[in-house]
Amino acid sequence: MVSLSRFTRGRAGTHPVDHIPPLSVLAPLGLQHVLAMYAGAVAVPLIVGSALVAAGELQSSDLPYLITADLFVAGIATLIQAVGFWRFGVRLPLMQGCTFAAVTPMIAIGSQYGVTAIYGSVIASGVFMMALAPVFAKLLHLFPPLVTGTVILIIGLSLMPVAAGWFGGGTGSEDFGDPKYIGMGALTLLIILLIERFAPPPAKRLSILLGLVAGTVIAIPLGMTDFSGVREQDWVGVTTPFHFGFPTFEVSAIITMCIVALVIMTETTGDIIAVGEIVDKKVPPRRLADGLRADGLSTMLGGIFNTFPYTAFAQNVGLVAITGVKTRHVATFAGGILILLGLLPKLGAVVEGVPLPVLGGAGIALFGMVAASGVRTLAQVSFNNTNILVVAVAVGVGLLPTVSPDLYDRFPDWFQTIFHSGISAGALCAVVLNMLLNSESLRDKLSTDTDPPAHDAVRGPAL
């Protein structure tokens, strides 16, 4: 990847993460991050809001407000994480958005207790995350390269169904999988690959953005874009605290969301370690605690400003890997764009007009890069039979809810909260298996000079 050294400014010896590129570089790179995450960012308020409309807890007219509130707080959350202040923020190029891990519990809470109980439980879980962050960060020793590589690999693979849904024109749509959607997604991916192969270095850094723009332009005459929402939206929209009423605090709802908070912290830990590996920036326990604490603060703000729990977005980790741009201030600029989109609903509607198949073509590259980053981390591991087993079982467990989403529907809600997310299930499995099979006492007992080489780890020692 091309270096940004000639585009950045900073003191000699400053890590590339802290370099500040000029605006002409920051603007397109930041917009690229926003486009990569936009569909995922608005999906949670759309899904939860639609379910609460069906349950009679919200009106259809509330959905646009939920989206703008989400974008506004996502921008603030991204600034907290990327820029940081005091002990809040990991100060790495991470984008923040609403987590999918909380969707099912929030719908259940809202349907039973009302929308204000959702926000009460979200605020309480944010406080819980901030309080637990230093303790959780001390468990960093449980995430050696074997575990982190496995978790990063699972993150990338678990996101592929999202890309597939976009690629086919939207999961659940009547014409899902129409050849025109598949063709548009494939064309977008081809454009991205051609840019990476033939374009000059400055354009390569913007391959995803240019692919999205080109795909959207091509889709316009084909009737695959819909910008009607631009006309319907107001020019200015202000997100106000407690728009739906003062939050209520139900004990069972709070306990449920605190369990979700543990899942969020596990996922965020994987994303932080992943992006740290990509940008060559070591993440010590104290810095990890700062990142987890920022998630907690953002989640608390989400409850105050009528939105939901926040976490790092894995698709943007893949974008960092693709572009090779390490500076965190690209995420800073992108956070500013998100705040602007939250204040100017018409701009948000323009971005929303990007066709899903176009996003799907870019998503294949983005999510694939996340998985490839996990493989790169695993390349540091000596693959004896034990380590092969840890990776194999963790990836298998992590992909079970991905390939069969209704697998755990008959289990209790607390179990579904943890294991319905392939990322949290796979991460938990990797950590536990590594502790059980790679403990120091066990390694001392089993260590010999006859261990098979890495390429023979599956077959065993040669005869």
Side-chain angles (χ1 to χ4, degrees), residues 1 32-33 36-37 39-40 92-95 97 99-101 143-168 185-186 188-189 192-193 196 207-208 211 266-280 311-326 359-381 383 387-405 421-431 433-434 454 458:
M1 291 295 176
Q32 185 172 238
H33 270 284
M37 70 170 291
L92 289 174
L94 284 169
M95 298 294 296
T99 175
F100 285 88
F143 293 85
L146 175 65
V147 173
T148 58
T150 303
V151 172
I152 298 168
L153 175 60
I154 293 171
I155 290 173
L157 296 177
S158 296
L159 287 170
M160 278 302 170
V162 177
W166 294 344
F167 205 78
T188 302
L189 179 58
I192 292 171
L193 294 175
E196 284 287 341
S207 60
I208 299 298
T266 302
E267 292 185 2
T268 297
T269 297
D271 289 329
I272 288 176
I273 293 174
V275 82
E277 294 271 356
I278 292 169
V279 303
D280 300 318
T311 187
F313 261 32
Q315 51 262 55
N316 294 89
V317 175
L319 186 54
V320 172
I322 285 179
T323 63
V325 178
K326 299 180 179 180
L359 286 172
I364 290 175
L366 290 174
F367 304 157
M369 281 300 296
V370 176
S373 297
V375 174
R376 183 178 65 178
T377 300
L378 288 172
Q380 306 172 26
V381 177
F383 270 109
N387 291 340
I388 284 281
L389 185 63
V390 171
V391 176
V393 175
V395 170
V397 170
L399 291 184
L400 282 177
T402 300
V403 299
S404 181
S421 166
I423 298 172
S424 58
L428 180 63
C429 185
V431 169
L433 286 177
N434 184 61
V458 176

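- Heavy-atom minimum distance, I364 versus L189: CG2-CD2, 4.2 Å.
- Using a 4.5 Å cut-off on side-chain heavy atoms (C-beta onward), T402 and L157 make no contact.
- The nearest pair of heavy atoms linking P144 to N434 is CG-ND2, 3.6 Å.
- No side-chain heavy atom of L94 sits under 4.5 Å from any side-chain heavy atom of N316.
- A pairwise comparison of heavy atoms in K326 and P93 identifies O-CG, 3.6 Å as the closest pair.
- Contact detail for V391 and F383: the closest heavy-atom pair is CG2-CE2, 3.7 Å.
- Taking OG1 of T268 as the reference point, atom CD1 of I273 lies at 11.0 Å (rounded to 0.5 Å).
- Atom OG1 of T150 sits about 8.5 Å away from atom CG of N387, to the nearest 0.5 Å.
- In this structure, I154 CD1 and C429 SG are separated by 7.5 Å, a value rounded to the nearest 0.5 Å.
- Put simply, the side chain of L433 does not reach to within 4.5 Å of the side chain of L389, judged on heavy atoms.
- Here the CG atom belonging to D271 is positioned 11.5 Å from the CG atom belonging to L92, to the nearest 0.5 angstrom.
- Of all the heavy atoms in V320 and H33, the pair that sits closest is CG2-CE1, 3.9 Å.
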